[in-house]
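Here is the structure we will look at, set down as structure tokens.
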Amino acid sequence: MYEVKADINKNRIYITIGNLEGETAMQALARMVSSECQKLKKGFTCITDLRKYEIQDEEFEDYVKQTQEALIEAGLSKVVRVRRETGLLGHFQFDNVSMDLGYHAENVTTMEEAEKILNENTQ
């Protein structure tokens, strides 16, 4: 389960990732992120909602890396990840890859917190 949408008015991409079934879903998610971020202007922001994300096999990290690289190349300026309050902390899988690419995402537990952080930085 995943959803990706670009908000042109906010210059922001929203990525929601839940349980992904197999490599085909991972590839489709990566393609959709690349496509949607092309609708935005350089300097866009990103909210990644991982509250329903289930930790994936290591091969998924390759797709995470490809997707994060595509976001950076398209002009990503800041990312906030929305994670679960308790339970499996799947966001660590994303954190490890992004640190390898040289950027850090803030982690919060609500969409409202994420929006507030990004809205404050764009004003």
Side-chain angles (χ1 to χ4, degrees):
M1 190 265 347
Y2 61 88
E3 181 180 6
V4 181
K5 63 180 179 181
D7 183 326
I8 297 166
N9 293 326
K10 288 185 178 182
N11 202 33
R12 182 169 298 151
I13 189 167
Y14 293 86
I15 305 169
T16 302
I17 305 173
N19 188 23
L20 296 172
E21 296 291 330
E23 193 168 1
T24 302
M26 294 175 200
Q27 291 170 342
L29 171 60
R31 281 193 305 274
M32 187 177 282
V33 169
S34 291
S35 173
E36 286 294 297
C37 70
Q38 298 305 315
K39 299 176 183 177
L40 302 169
K41 294 180 245 164
K42 291 207 179 299
F44 68 89
T45 58
C46 175
I47 294 178
T48 306
D49 184 351
L50 299 172
R51 290 176 291 179
K52 295 183 180 174
Y53 175 71
E54 300 293 335
I55 294 175
Q56 303 291 313
D57 294 336
E58 283 187 34
E59 71 182 38
F60 179 69
E61 290 181 16
D62 291 334
Y63 292 102
V64 172
K65 183 176 182 181
Q66 290 172 18
T67 303
Q68 290 178 349
E69 286 173 337
L71 288 164
I72 291 167
E73 288 175 23
L76 175 70
S77 66
K78 186 164 179 71
V79 179
V80 176
R81 293 193 185 106
V82 183
R83 63 172 178 80
R84 295 179 189 178
E85 265 189 69
T86 60
L88 290 175
L89 300 177
H91 66 280
F92 286 126
Q93 199 166 23
F94 285 77
D95 290 343
N96 291 337
V97 174
S98 61
M99 283 189 283
D100 288 344
L101 294 174
Y103 79 91
H104 171 73
E106 289 188 54
N107 289 297
V108 297
T109 56
T110 68
M111 290 296 286
E112 293 78 16
E113 288 176 281
E115 291 281 357
K116 182 178 178 189
I117 288 167
L118 294 179
N119 289 343
E120 287 173 353
N121 286 332
T122 59
Q123 293 177 358

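Reckoned from all heavy atoms, side chains included, excluding hydrogens, waters and symmetry mates. Bear in mind that the values here come from a model prediction, so they are computed numbers and not experimental data.
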Task: Qualifying residue, where the test is side chain to side chain contact (heavy atoms under 4.5 Å, CB included) with E3 and the options are D49, T16, I17 - done: T16

Of all heavy-atom pairs between [X] and [Y], which one has the smallest distance, and what is that distance?
X: C37; Y: I13; value: N-CD1, 3.8 Å
X: T67; Y: A30; value: OG1-CB, 3.4 Å
X: Y2; Y: L29; value: CD1-CD1, 3.7 Å
X: E73; Y: K42; value: O-NZ, 3.5 Å

Task: From CA spacing to verdict: side chain to side chain contact (heavy atoms under 4.5 Å, CB included), E23, Y63 - done: CA-CA 9 Å; E23 193 168 1; Y63 292 102; 2.4 Å; yes

TODO: State which residues pass side chain to side chain contact (heavy atoms under 4.5 Å, CB included) with S34; sequence neighbours excluded, sorted by chain then number.
DONE: A70

Open item on the list: So, using side chain to side chain contact (heavy atoms under 4.5 Å, CB included) as the criterion, who are the partners of N11 when residues are at least two apart?
Closed with: L40, K41, F44

TODO: State, yes or no, whether a side-chain contact exists between N19 and M1 at a heavy-atom distance under 4.5 Å.
DONE: no

Task: Side-chain touch T109/R83, heavy atoms, less than 4.5 angstrom - done: yes

Open item on the list: I'd like to know whether D7 forms a side chain to side chain contact (heavy atoms under 4.5 Å, CB included) with I47, so could you lay out the CA-CA distance, the side-chain angles of the two residues, the decisive distance to 0.1 Å, and finally the verdict.
Closed with: CA-CA 11 Å; D7 183 326; I47 294 178; over 6 Å; no

Open item on the list: We want to know whether T45 and R12 form a side-chain donor-acceptor pair, criterion being a heavy-atom distance below 3.5 angstrom.
Closed with: yes

Point-to-point distance, once rounded to the nearest 0.5 Å, from [atom1] of [X] to [atom2] of [Y]:
X: S77; Y: L71; atom1: OG; atom2: CG; result: 11.0 Å
X: E120; Y: K78; atom1: CD; atom2: NZ; result: 10.0 Å
X: R81; Y: R51; atom1: CZ; atom2: CZ; result: 15.0 Å

Task: Residues in salt bridge (Lys or Arg N to Asp or Glu O under 4.0 Å) contact with E36, at least two apart in sequence or another chain - done: K39

Task: Contacts of type side chain to side chain donor-acceptor pair (under 3.5 Å), residue Q38, not counting sequence neighbours - done: none

